Peer 1: 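Can you read through this structure? Questions will come right after.
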Amino acid sequence: MKERRILVTSALPYANGPIHIGHLVEYIQTDIWVRFQKLRGHRCIFLCADDTHGTAIMISAQKHGVTEEAWITRINEEHQRDFAGFDVAFDNYGSTHSDENRQLCAAFWKAIRAAGLVVEKDVTQLYDPVKGVFLADRFVKGKCPVCGKPDQYGDSCENGHTYTAAELVEPVSTLSGAAPEIRSAPHLFIQIEKLHDFLESWTQSGDHLQPEVANYLKGHFLHEPLRDWDISRPAPYWGFEIPDFPGNYWFVWFDAPIGYMASTWQWCKQHGEDFDAWWRNPDTEIHHFIGKDITYFHTLFWPAMLKAAGFNLPTKIHIHGFLTVDGRKMSKRDGTFIKAATYLNHLDPSFLRYFYASKLGPGIDDIDMNLQEFVNKVNSDLVGKVVNLASRTARFVQETGLSATYPEDGGLFQQGAAAEEDIAAAYETGDYNRAMRLVMELADRANAYVESTAPWALRKDSSKAHQLQDVCTVALNLFRQIVVYLAPVLPRLATQTGQLFNCPIQSWSDAQTPLVGVAVSPFQHMLQRADMKEVHAMIEETKADAAGGEPVRFDDSDEFLKAEPIAPQCTIDDFIKVDLRVARVIAAEEVPDARKLLKLTLSLGGAERRTVFAGIKAAYEPKQLVGSLVVVVANLAPRQMKFGLSEGMVVASGPGGEDVFLLRPDKGAQPGQRVH
RNA sequence: GGGGCCGUAGCUCAACGGUUAGAGCAGCAGACUCAUAAUCUGUUGGUUGCAGGUUCGAAUCCCGCCGGCCCUACCA
C-alpha cells in the first residue's frame, strides 16, 4: 500500500464556552479516522485550534471582567483538557489568535486583493450607543414591521415575515436595553461570484462532498449569482486589524479557517517540517470534518479563498449531523446539555467513543443518543461480547502462556483476517456503524467458539491441559484481532490488550498474524459496566449546573433595568386594584399547535377555577408544574386567545423563551391567599 | 417564502431497481456456569408514513400529501 500524506482537521470550537457532548461527535469522529489512518501506516496529522475572535467573545470577556486574551487563554486550557479526557489526540492544538494566523491572514488578504476580488461598500447597521458596538441581528429585538409581533429578533419574525434589522419597530439592543442607532460604515466585500464557475465545478464534481451536500449547494446557492461576502467589521471588534484598512477588522469567519493552516505551521515549526509540503503540494490530502451548520463557509468561501491564494484545495469535506438526546435537542432544562467535563465525572470516555462510532454513518443525518440504548449497547457489545472473550479465557492460560504454534481453529482467525478489507473500507468512508457491526459479528463467532469448546470443562480434566491451552490461544487471538479493528475507536482497550500479551498493538496488520508462545499477564478488568444510575447522576449534575451554576453568581447588572425601566410611581390604592392570589396548578397540558403556550388549570380555593394560557412552554414541563403553587393575577380581564379564553395571568420574570422564571410562594402558602 | 435531509420490527439501524425486506438491542422459551447478571441455541414481531404513477419487478425511481430534523450568507 502506498503511503499517503494526510492532513485532517476538525472544526475550530468557538472559545466562548465549554465543550459538550454535541461537539464531541465531531472530535471523536475525526479522531477515529485519524487513528485509523495512522494505524494503517499513513502519514497523517490532526490539527485544530480555538476560534477566538468575534463580537460574542468580546462581550463574554467584558461580562466576566477580563481581557479577551485572558478569556481565550482560559477557554483554550479547558478545551484541551476536555479533549484529552476523551482521547482526542491532536498533533497540534492552536488558537486563531496567534502570530502565525495573523501572518497567514495577511498573505491570504494580499492574494485576494491582487486577484481583484475585494470591493468597498457602505453598510448600514444598528449600533448600540451604550455598549459602543455594532449589533448583529441576534442582538436586536423589536416588533415585526409586517405583523407587529413583539419580541422578534434579527431579520425575520416567528410568523415568517422577513425584513432588515433596521426596519424593526421600536428596536432594542439585547446587550444594553438601549435603543440602537442606525449608522453607516464602509465595509470590504469579497466578490465570490467571480469564482462561481470554479465553485460550481469543484462542488459538483469529484468526491469532495457528500452527494446530498452537493445537491444542497446547487439548489440553494449556485443556481443564482453568489452574493458578495462582507469580510470586514469596524472597530470596536475583537480580531485582527486589516493592514490596509485601519480601524477595521477581519470578520471572524475570515480568519477562522485560516486557523487550520496556522495550526499546521506551528506543528511544522515544532517538528522541522516544510509547511508548503502540506499546503501547496497536491500529493497531500486535506480532510475537513465539520458539522452541517457551517457547510456554507467550508464548501464555498473556504475553497474560494484557497483557490485565490494558490493553496491546496480540500480533498474531502466530511459533514456530519447534530446530536439529539432521547430524540430531542440537547437542552439545559432537560439536563441533556452535557458538558464533556460533567460526562467524565460519571462515565468512561470509551463508552461515548464506541457509542458514537456505532451510530455514525457517511451521511449527514442527525444521530440520537438514547440514554437507555447507550447503556445497553456499551454493556452488551463492549463488556458482554468483546472484553468478555479475554475475561473468560485469559485466567486459564496465566501459567502456561499461549500455545507455541497456532492451533486448528476451523478457519476462524483466517475469516477474521479476511474481514480486514471490509472493515477498513467502512472506516475509510466514515461508515463507522458498519465497521462496528462487522466487528461485532466477529465477536459473536468468537463467543460461540468458546461456548462449543467449553474450556471450563477441559480444565477439570488434567489430561486435556494442552487442549485447554489451545482453545484459549484461539479465543485470545480472536479477541486481540477484534481489538486491533477497534483500536481507532478504543485506544485504551488496545493499550490494555497490548499489556495483556506484553506485545503492543501498533499496526492494522497486527490482525493478520496470531500471537503464539507469549506469556499472558494476570487478567484485570478492562472496562466496568455502565450503569443507568451513573447516567442519571450525570443528568442531575447537568441540571443542577444549569439551574444553580451560573445564576448563583448574581452580577446585578443594570441590563434588565435598562431594558425595562422602572414604571412611574403608583399608590397603594393602585396596587390594591391588582388582585394577586396564590393558586394551585391542578392540570397543565401542552396546547397543540401552540409554540409557546401551556394551558394551566388553577385552583384558587373553593370552587374557584381558572383556565390560563401561559407562555412558558419552553421553560417548564407540564408534569413538573402540576401540584405546585403559583401566583396569579386573579382579577385580570379575560382574554380571548387563539386556543381559548385565558382567565388570568401567572406571574413570572425573565425575557422569555427558556428564560422564564415563575414566582412560586414559599412552603406554607395556601391556594386563594391574597398577595400583598 | 425558498431549499436540503429523513420516515423500514417496540428501540437503533441494514438492504447495486431483482430470491421469502435483514441485523443488534429489548421481549419470549430453553441451555450453560469459564466470565463483569456475562455467553450459547431457538423464537415472536413489518400493508417499508399515506395515496398514485413508471416497470416484467419498487423500501429503492417519479408526482402529490402527511410528519420530523435542519439550513436560508454581517449567526459562532
Side-chain angles (χ1 to χ4, degrees), chain A residues 11-17 51-57 123 125 134-139 153-156 160-162 165 187 189 192 210 212-221 223 226-233 251-253 256 291-297 300-301 321-322 324 327-329 355 358-359 361 363-370 372-377 379-381 383-385 387-396 431 433-434 436-437 440-441 443-444 446-460 468 471-472 475 523 525-529:
Chain A
L12 310 187
Y14 200 52
N16 203 24
D51 178 15
T52 59
H53 291 152
T55 312
I57 284 170
V123 170
Q125 224 185 338
F134 283 93
L135 296 166
D137 282 354
R138 69 199 171 106
F139 294 126
Y153 283 95
D155 59 353
S156 62
H161 303 115
T162 58
H187 283 226
F189 290 75
I192 192 173
Q210 288 129 303
E212 57 266 54
V213 176
N215 286 341
Y216 159 67
L217 295 173
K218 197 181 174 73
H220 199 116
F221 300 112
H223 68 287
L226 295 159
R227 287 203 242 159
D228 294 346
W229 183 30
D230 184 352
I231 204 61
S232 75
R233 294 291 181 277
F251 176 46
V252 54
W253 264 110
K292 63 185 180 183
D293 52 331
I294 53 176
T295 298
Y296 183 78
F297 293 96
L300 296 176
F301 286 153
F322 296 139
T324 56
R328 303 173 61 164
K329 232 160 73 167
F355 185 74
S358 76
K359 289 273 152 186
I364 62 170
D365 300 335
D366 291 350
I367 66 172
D368 184 51
M369 178 167 172
N370 179 284
Q372 186 65 56
E373 186 199 0
F374 168 74
V375 171
N376 288 347
K377 185 139 200 136
N379 285 341
S380 162
D381 287 0
V383 183
K385 289 181 183 175
V387 173
N388 188 227
L389 282 168
S391 175
R392 68 194 305 199
T393 54
R395 287 188 187 102
F396 297 151
D431 201 351
N433 88 68
R434 177 173 159 78
M436 295 307 104
R437 262 184 292 130
M440 286 312 139
E441 278 176 27
D444 283 340
N447 272 305
Y449 170 83
V450 176
E451 199 72 21
S452 68
T453 50
W456 55 91
L458 299 173
R459 190 183 52 155
K460 288 171 184 160
L468 174 65
V471 162
C472 293
F523 181 77
H525 282 178
M526 295 175 163
L527 277 171
Q528 296 299 324
R529 294 172 62 78

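Since the model is a prediction, treat every value here as computed from it, not as a measurement. Letters go in sequence order (proteins before strands), and every chain restarts at 1.
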Peer 1: Report the nucleotide, chosen from B:U39, B:A76, B:C40, that has the shortest atom-to-atom distance to any side-chain atom of A:Asp444.
Peer 2: B:C40
Peer 1: In whole Å, I'd like the distance from the CZ atom of A:Arg434 to the C1' atom of B:U12.
Peer 2: 17 Å
Peer 1: A:Asn388 has an atom CG; how far is it from atom C1' of B:A38, in whole Å?
Peer 2: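 Checked: the CG to C1' distance equals 5 Å.
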Peer 1: Students often get this wrong, so: under 4.0 angstrom with heavy atoms, is A:Leu527 touching a base, only sugar-phosphate, or nothing?
Peer 2: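 It contacts base atoms.
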Peer 1: Taking the side chain of A:Ser391 as heavy atoms from C-beta outward, which of B:C74, B:A35, B:G24 is closest to it?
Peer 2: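 Ranking B:C74, B:A35, B:G24 by closest atom to the A:Ser391 side chain puts B:A35 first.
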Peer 1: For A:Phe297, answer base if it contacts any base atom (sugar-phosphate contacts may also be present), sugar-phosphate if it contacts only those atoms, and nothing otherwise; contact means non-hydrogen atoms under 4.0 Å.
Peer 2: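 Touches a base.
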Peer 1: Looking for any heavy atom pair under 4.0 Å, which part of the strands does A:Arg233 touch: base, sugar-phosphate only, or nothing?
Peer 2: base
Peer 1: Answer yes when A:Asp368 and A:Lys359 have at least one side-chain N-carboxylate O distance shorter than 4.0 Å, and no when they do not.
Peer 2: no
Peer 1: Classify the ring geometry between A:Phe301 and A:Trp229 as parallel (under 30°), tilted (30 to 60°) or perpendicular (over 60°).
Peer 2: parallel
Peer 1: What contact category does A:Lys377 fall into here, base, sugar-phosphate, or nothing, at under 4.0 angstrom with non-hydrogen atoms?
Peer 2: nothing
Peer 1: Rounding to an integer number of Å, can you tell me how far A:Met440 CE sits from B:U12 C1'?
Peer 2: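 It works out to 15 Å between those atoms.
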Peer 1: Would you classify A:Asp365 as touching base, sugar-phosphate or nothing, given that sugar-phosphate means primed atoms plus P, OP1 and OP2, and contacts are heavy atoms under 4.0 Å?
Peer 2: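 It contacts sugar-phosphate atoms only.
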Peer 1: Can you check the A:Leu300 CG to B:C74 P distance for me, whole Å?
Peer 2: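 One finds 14 Å between P of B:C74 and CG of A:Leu300, rounded.
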Peer 1: Return the polar atom pairs (N/O with N/O) between nucleotides 27-33 of chain B and the protein under 3.5 Å, or none.
Peer 2:
none

Peer 1: With heavy atoms under 4.0 Å as the rule, sort A:Asn16 into base, sugar-phosphate or nothing.
Peer 2: nothing
Peer 1: Using 30° and 60° as the class limits, which term best fits the ring planes of A:His187 and A:Phe189: parallel, tilted or perpendicular?
Peer 2: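 A:His187 and A:Phe189: tilted rings.
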Peer 1: Rounding to a whole Å, what distance do you find between A:Arg395:CZ and B:A35:P?
Peer 2: 6 Å
Peer 1: Report the distance from atom CZ of A:Arg437 to atom CG of A:Asp431, rounding to the nearest 0.5 Å.
Peer 2: 7.0 Å
Peer 1: So if I apply the side-chain contact (heavy atoms from CB on, under 4.5 Å) rule between A:Asn388 and each of A:Asn447, A:Val450, A:Thr393, A:Val383, which one comes out positive?
Peer 2: A:Asn447
Peer 1: Give the nucleotide from the list B:U36, B:A76, B:G24 with an atom nearest to the side chain of A:His525.
Peer 2: B:U36
Peer 1: Between atom CG in A:Asn447 and atom P in B:U36, what is the gap in whole Å?
Peer 2: 14 Å
Peer 1: Once you round to the nearest 0.5 Å, how far does CD1 of A:Ile367 lie from OG of A:Ser358?
Peer 2: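 Answer rounded to 0.5 Å: 8.0 Å.
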Peer 1: Remember a base hit wins even if backbone is also touched, and classify A:Val387 as base, sugar-phosphate or nothing at under 4.0 Å, heavy atoms.
Peer 2: base
Peer 1: Could you check which of B:C34, B:C25, B:A76 has an atom nearest any side-chain atom of A:Ser380?
Peer 2: B:C25
Peer 1: Between B:A38 and A:Arg529, is there an OP1 or OP2 to side-chain N/O distance shorter than 4.0 Å?
Peer 2: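 Checking B:A38 against A:Arg529, a side-chain N or O does come within under 4.0 Å of OP1 or OP2.
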Peer 1: Which of the following nucleotides, B:A76, B:U12, B:C70, is nearest to the side chain of A:Val252?
Peer 2: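 Nucleotide nearest to A:Val252's side chain: B:A76.
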Peer 1: Would you compute the distance between atom CD of A:Gln528 and atom CG of A:Asn379 and round it to the nearest 0.5 angstrom?
Peer 2: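 Interatomic distance, A:Gln528 CD to A:Asn379 CG, rounded to 0.5 Å: 10.5 Å.
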Peer 1: Round to a whole Å and report the spacing from CZ of A:Phe355 to P of B:G24.
Peer 2: 18 Å
Peer 1: Regarding A:Met526, tell me which of base, sugar-phosphate or nothing describes its non-hydrogen contacts under 4.0 Å with the strands shown.
Peer 2: base
Peer 1: B:C70, B:A76, B:G24: which one has an atom nearest the side-chain heavy atoms of A:Lys385?
Peer 2: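 Nearest listed nucleotide: B:G24.
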Peer 1: Quick check: does any side chain N or O of A:Thr453 sit under 3.5 Å from a backbone N or O of A:Tyr449, one acting as donor and the other as acceptor?
Peer 2: yes
Peer 1: Between A:His187 and A:Val213, name the one whose nearest nucleotide on RNA chain B is closer to the 5' end.
Peer 2: A:Val213
Peer 1: If I take atom CZ from residue A:Arg233 and atom OG1 from residue A:Thr55, how far apart are they, to the nearest 0.5 angstrom?
Peer 2: 7.5 Å
Peer 1: Which label fits A:Trp253 and A:Phe297: parallel for a plane angle under 30°, tilted from 30 to 60°, or perpendicular past 60°?
Peer 2: parallel
Peer 1: Under 4.0 angstrom, heavy atoms only, what part of the nucleic acid is A:Gly54 near: base, sugar-phosphate, or nothing?
Peer 2: nothing
Peer 1: Students often get this wrong, so: under 4.0 angstrom with heavy atoms, is A:Val383 touching a base, only sugar-phosphate, or nothing?
Peer 2: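 Base contact.
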Peer 1: Could you state the CZ-P distance from A:Arg437 to B:U12, rounded to the nearest angstrom?
Peer 2: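 Interatomic distance, CZ of A:Arg437 to P of B:U12: 15 Å.
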Peer 1: Which heavy atom in A:Phe322 sits nearest to a heavy atom in A:Asp293, and how many Å separate them?
Peer 2: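 Closest heavy-atom pair between A:Phe322 and A:Asp293: CZ-CB, 3.5 Å.
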Peer 1: So which nucleotide from B:C70, B:C69, B:U12 ends up closest to the side chain of A:Lys359?
Peer 2: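 Nearest nucleotide to the side chain: B:U12.
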Peer 1: Let's see if you can work this out: which of B:A35, B:C74, B:G24 has an atom nearest to the side-chain heavy atoms of A:Arg392?
Peer 2: B:A35
Peer 1: Applying a 3.5 angstrom cut-off to the pairing atoms, does RNA chain B sit in any stems of at least three consecutive Watson-Crick or G-U pairs? List them by first number.
Peer 2: B:1-7 with B:66-72, B:10-13 with B:22-25, B:27-31 with B:39-43
